[in-house]
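What follows is a set of notes on a single structure, which appears directly below.
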Amino acid sequence: MTEQIERTYFVQQLLRWFIKHQRDLPWRQTKDPYKIWVSEIMLQQTRVDTVIPYYERFLDRFPTVQALAEAPEADVLKLWEGLGYYSRARNLQQAVREVQATYDGVVPSEPDAFSALKGVGPYTKGAVLSIAYNRPEPAVDGNVMRVLSRYFLIEEDIARPATRKKMEQLIREMIPHEDAGDFNQGLMELGALVCTPRSPSCLTCPVMEHCQARLEGKEEQLPVKKKAKAPRKEYRVAALIAAPIEEEQGGFSSFRYVMRQRPDTGLLAQMWELPHLETVREENPSEGLADRSDLKQLAEMIRQETGIAVKPVELLLETEHIFSHIHWYMNVYVFSPDSTGASQQMQANRYRWVSRPELEQLALPNVFVRVFQHLFAK
DNA sequence: TAAACGTGGCC
DNA sequence: TGGCCAAGTTT
């Protein structure tokens with residue numbers, strides 16, 4: 001069988017299979033390029049089941065390009081809370097504002113124009129344009145690379161950009177212009193449902209007959225991918241500065257807390273956190289209580305940046321959090337403040353006193369969401 | 001090219 | 001339990 005016939009067989013079998021077996025997903029109920037775009041951004045490195053509730057809430061709140069373009073950044077970040085890779089949210093809004101301003105709110109269908117938008121890389125360009133506009137652009141993600149590496153027995157490291165480009169070229173040669181969107185989605189769907197990373201269901205695969213890896217018994221060995229490095233360790237000590245809120249009757253029933261907004265770039269950009277600092281610590285973090293000098297340094301930093309003098313009261317909890325590239329060991333101490341006034345200095349350093357209802361409005365990374373869950377459960 | 005950038009589920 | 005993985009992009 002010639003290579004060309006093999007490819008034609010693949011395309012036809014895949015399309016037939018996809019039409020019959022595709023999942024009923026929220027973003028498949030629409031052809032609105034904006035909604036498909038939102039789904040593709042959320043789905044980057046993120047599971048379908050995780051995305052669905054976020055997708056529904058996000059579009060409920062921002063149903064159109066205009067609605068998202070006009071929304072406060074903080075609201076967008078809050079709706080993204082817990083989803084991870086938060087620069088996706090800021091980039092999406094920046095791109096949507098560009099679409100509103102430059103294209104009168106219409107998502108551009110030209111590959112170069114759409115691709116130029118913030119957060120739109122080679123995958124997202126192909127996915128959105130093929131699904132929404134049926135443009136014959138490749139959309140090569142991890143699923144697609146797995147399927148192709150097996151079917152064509154491609155043994156190059158899929159972590160290399162050069163490998164992805166090779167696969168994009170392959171797709172350009174195969175993609176049917178009449179069914180570009182279904183073909184791209186079919187490839188991804190096959191990777192998600194049948195040609196899975198472990199224990200692929202070859203016996204139900206529509207293209208098993210000519211799958212080169214299957215024919216050679218190498219389906220479990222592909223794709224080849226370089227191993228990721230272990231996350232580096234960081235030890236941190238954080239301050240929960242709590243002050244009772246006075247009521248008219250003279251008692252109190254709730255607290256205010258000092259929160260700090262992270263820098264505009266980098267890890268967890270613009271999200272809110274407990275004031276904390278990195279401490280020098282060798283191995284064995286569970287040994288864990290921050291020593292006096294850590295607490296002293298932390299109190300000093302807080303005084304410098306807020307003008308509030310604080311004293312450590314007790315250890316609230318020791319917790320770990322693993323990002324993709326950093327492993328945090330964090331000890332959280334309760335501190336008592338000598339005052340509760342808001343100062344110019346606090347604001348300049350991105351600190352705020354917040355009540356519990358105000359806290360609910362801020363976007364927090366999961367590691368700090370869990371700290372408060374622990375506190376409020378006590 | 002390699003590292004930064006989150007989170008949760010799975011085996 | 002810990003490493004791997006999931007519809008990647010930016011720098």
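Reminder, nothing fancy here: chain letters follow the sequence lines and each chain counts from 1.
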Looking at [Y], is its backbone amide N or carbonyl O close enough to the side chain of [X] to form a donor-acceptor pair, meaning the two atoms are under 3.5 Å apart?
{"X": "A:Asp32", "Y": "A:Tyr34", "value": "yes"}
{"X": "A:Glu189", "Y": "A:Arg23", "value": "yes"}
{"X": "A:Thr163", "Y": "A:Pro161", "value": "no"}

Polar-atom pairs under 3.5 Å, protein N or O versus N or O of nucleotides 3-7 of chain B: list them with distances, or write none.
| from | atom 1 | to | atom 2 | distance (Å) |
| --- | --- | --- | --- | --- |
| B:dC5 | OP1 | A:Leu267 | N | 3.1 |
| B:dC5 | OP2 | A:His325 | NE2 | 2.8 |
| B:dG6 | OP1 | A:Tyr86 | N | 2.8 |
| B:dG6 | OP2 | A:Leu268 | N | 2.6 |
| B:dG6 | O4' | A:Tyr85 | N | 3.0 |
| B:dG6 | N7 | A:Tyr85 | OH | 3.4 |
| B:dG6 | O6 | A:Tyr85 | OH | 3.0 |
| B:dG6 | N1 | A:Gln45 | O | 3.1 |
| B:dG6 | N2 | A:Gln45 | O | 3.2 |
| B:dG6 | N2 | A:Thr46 | OG1 | 3.1 |
| B:dT7 | OP1 | A:Tyr86 | OH | 2.7 |
| B:dT7 | OP1 | A:Asn366 | N | 3.1 |
| B:dT7 | OP2 | A:His321 | NE2 | 2.7 |
| B:dT7 | O3' | A:Asn366 | ND2 | 2.9 |

Could you tell me how far apart [X] ([atom1]) and [N] ([atom2]) are, to the nearest whole angstrom?
{"X": "A:Ile52", "N": "B:dG8", "atom1": "CD1", "atom2": "C1'", "result": "15 Å"}
{"X": "A:Leu117", "N": "C:dT9", "atom1": "CG", "atom2": "P", "result": "13 Å"}
{"X": "A:Arg90", "N": "C:dG8", "atom1": "CZ", "atom2": "P", "result": "21 Å"}
{"X": "A:Lys225", "N": "C:dG3", "atom1": "NZ", "atom2": "P", "result": "15 Å"}
{"X": "A:Arg164", "N": "C:dG8", "atom1": "CZ", "atom2": "C1'", "result": "9 Å"}

Rounded distance in Å between the P positions of C:dC5 and B:dC5:
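So the two P atoms sit 22 Å from each other.
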Distance check, P atoms only: C:dT11 and B:dG6, in whole angstrom units.
13 Å
Salt bridge [X]-[Y], side-chain N to carboxylate O under 4.0 Å:
{"X": "A:Glu219", "Y": "A:Arg214", "value": "yes"}
{"X": "A:Asp338", "Y": "A:Arg303", "value": "no"}
{"X": "A:Glu168", "Y": "A:Lys125", "value": "no"}
{"X": "A:Lys296", "Y": "A:Glu300", "value": "no"}

Report the C-alpha distance between A:Gln212 and A:Glu216 in whole Å, list the side-chain angles of each, state the deciding distance to 0.1 Å, and finish with yes or no for side chain to side chain donor-acceptor pair (under 3.5 Å).
CA-CA 6 Å; A:Gln212 299 303 300; A:Glu216 299 201 12; over 6 Å; no
Base, sugar-phosphate, or nothing: which does A:Arg28 touch, judged by heavy atoms less than 4.0 Å apart?
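If one applies the 4.0 Å heavy-atom cut-off, A:Arg28 turns out to touch a base.
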Does A:Trp27 reach a base, just sugar-phosphate, or nothing at all? Heavy atoms under 4.0 Å.
base
My understanding is that only one of A:Glu234, A:Glu320, A:Arg232 makes a side-chain contact (heavy atoms from CB on, under 4.5 Å) with A:His327; could you say which?
A:Glu320
Does any residue of residues 30-43 of chain A have a heavy atom under 4.0 Å from DNA chain C, and if so, which ones, in number order?
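Output list: A:Glu40, A:Leu43.
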Please list, for nucleotides 9-11 of chain B, all pairs of protein and nucleotide N/O atoms separated by less than 3.5 Å.
none

A:Phe58 ring center near A:Phe62 ring center (under 6.0 Å)
yes
Measure from the ring center of A:Trp80 to the ring center of A:Tyr85 and say whether it is less than 6.0 Å.
no
Between A:Leu25 and A:Val120, who's closer to the 5' end of DNA chain C by nearest nucleotide?
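Upstream on the strand: A:Leu25.
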